[in-house]
There are 2 protein chains.
Amino acid sequence: MTYAKVLTALADPTRRHIFETLLEHPMTVGELAKNQPVSRPAVSQHLKVLESAKLVRVKPQGNRRLYIIKHDGLNELRQYLESFWSDALSAYSAEITQQMKNK
Amino acid sequence: MTYAKVLTALADPTRRHIFETLLEHPMTVGELAKNQPVSRPAVSQHLKVLESAKLVRVKPQGNRRLYIIKHDGLNELRQYLESFWSDALSAYSAEITQQMKNK
DNA sequence: CTTTTGCGTAAGTCATGACTTACTGTAAGT
DNA sequence: ACTTACAGTAAGTCATGACTTACGCAAAAG
């Protein structure tokens with residue numbers, strides 16, 4: 001049921017930007033905040049959300065905290081999406097749509 | 001760039017419920033509202049959002065309006081998600097994660 | 001040991017968006 | 001024609017959540 005968290009996490013543009021930045025390479029909070037139009041605490045709060053959605057992971061390194069991409073959340077979301085295609089009921093719906101195109 | 005709209009559209013639980021209900025079979029607004037804890041106008045507003053995210057389609061039938069699932073929005077979102085895997089930069093990130101597991 | 005650096009947390013503000021109850025309009029039924 | 005059914009729109013309320021500044025705490029630096 002984490003796909004719900006993933007959806008809300010990625011629905012926010014700032015959070016998406018943070019996530020996509022981390023996709024390039026792991027980064028600390030301070031570094032992330034520099035590439036962002038928002039304050040450092042805001043970034044911290046966003047990272048908290050991303051973490052609970054299993055989209056990122058923390059690696060504390062002494063003073064600093066390195067944030068790293070984690071694919072678990074994305075996998076959950078992908079699975080949720082794929083259920084829409086594999087679903088037999090979905091197929092029924094597609095059939096209706098097809099019928100309508102022919103009219 | 002519609003994937004953003006799709007994400008916000010599916011981030012809302014009520015909207016997800018409406019969408020998943022339509023997945024079973026096409027339905028009118030009134031029918032949808034009956035299976036929902038919210039009012040009919042609320043459903044109408046949600047359908048508007050789902051429509052602009054290319055997740056549903058309307059088929060006016062005389063007095064009523066039949067709403068039908070549309071896969072375009074989901075396809076856009078899926079494409080967005082897949083870019084995270086195919087991305088070379090993502091691969092780099094995955095490598096780092098792997099290195100960390102070994103520690 | 002004091003200072004600085006790096007982050008998380010608290011608390012409060014402000015905008016957005018998810019609802020509600022009217023109201024309006026259009027098609028169907030009598 | 002008149003009424004009833006179906007649904008979108010307007011307008012207003014209320015909660016949530018995205019931000020800010022201020023603060024506290026631990027690790028590094030001096």
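Residue numbers begin at 1 in each chain, while the letters A, B, ... track the order of the sequences. The analysis underlying the following values was restricted to heavy atoms, covering all of them including side chains, and did not include hydrogens, waters or symmetry mates.
At the phosphate of dG8(D), OP1 or OP2 sits under 4.0 Å from a side-chain N or O atom of Arg65(B). For Lys48(B) and dT9(D), the shortest distance from a side-chain N or O to OP1 or OP2 is below 4.0 Å. Taking 4.0 angstrom as the limit, Thr28(A) places a side-chain polar atom (N or O) nearer than this to OP1 or OP2 of dC7(C). Taking 4.0 angstrom as the limit, His46(A) places none of its side-chain polar atoms (N or O) nearer than this to OP1 or OP2 of dG17(D). Between Tyr67(B) and the phosphate of dG8(D), there is a side-chain N or O to OP1/OP2 separation shorter than 4.0 Å.
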Please write out each protein N/O paired with an N/O of nucleotides 20-24 of chain C under 3.5 Å, distance rounded to 0.1 Å.
unit_1: dT20(C); atom_1: OP2; unit_2: Ser39(B); atom_2: N; d: 2.8
unit_1: dT20(C); atom_1: OP2; unit_2: Ser39(B); atom_2: OG; d: 2.5
unit_1: dT20(C); atom_1: O4; unit_2: Gln45(B); atom_2: NE2; d: 3.2

Are there any protein N/O atoms within less than 3.5 Å of an N/O atom in nucleotides 25-30 of chain D, and if so, which ones and at what distance?
unit_1: dA27(D); atom_1: O3'; unit_2: Asn63(A); atom_2: N; d: 3.4

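Shown here are the salt bridge (Lys or Arg N to Asp or Glu O under 4.0 Å) partners of Lys54(B), two or more places apart in sequence or in another chain: Glu76(B). Qualifying ring-ring contact (aromatic ring centres under 6.0 Å, His included) partners for Tyr80(B), counting only residues two or more places apart in sequence or in other chains: Tyr3(B), Phe84(B). With sequence neighbours excluded, the residues that form a side chain to side chain donor-acceptor pair (under 3.5 Å) with Glu31(A) are Thr28(A).
Each side-chain hydrogen bond (donor to acceptor under 3.5 Å, both in side chains) pair with one or both residues in residues 36-47 of chain B, not counting sequence neighbours, appears once here: Arg15(B)-His46(B), His17(B)-Gln36(B).
If you take CG on Asn75(A) and OG1 on Thr2(A), they are separated by 11.0 Å, rounding to the nearest 0.5 Å. Distance check, rounded to the nearest 0.5 Å: CG of Asp72(B) to CG of Leu77(B) gives 12.5 Å. Note that CG of Leu66(B) is 5.0 Å distant from CD of Gln61(B), once rounded to the nearest 0.5 Å.
When the C1' atom of dC7(C) is taken as reference, atom NZ of Lys59(A) falls 18 Å away, rounded to whole Å. Asp12(B) has its CG atom 17 Å from the P atom of dA15(D), to the nearest Å. Computed from coordinates, the Leu66(A) CG to dG8(C) P distance equals 11 Å when rounded to whole Å. Remark: P of dC19(D) and NE2 of His17(A) are 13 Å apart, rounded to the nearest angstrom. We find that CD1 of Ile18(B) is positioned 14 Å from C1' of dA7(D), with the value rounded to whole Å. A straight line from NZ of Lys34(A) to C1' of dG6(C) spans 11 Å, rounded to a whole angstrom. Between the CG atom of Leu32(A) and the P atom of dC7(C) there is a distance of 9 Å, given to the nearest Å. The CG-P distance, from Leu47(A) to dA18(D), rounds to 13 Å in whole Å.
Comparing Gly30(B) and Arg15(A) by the nucleotide of DNA chain D whose heavy atom lies nearest to each, the residue mapping closer to the 5' end is Gly30(B).
When all heavy atoms of Ile68(B) and Pro26(B) are compared, the pair lying nearest together is CG1-CB, 3.6 Å.
More than 12 heavy atoms of other residues, nucleotides or ligands sit less than 6.0 Å from atom CZ of Arg16(A).
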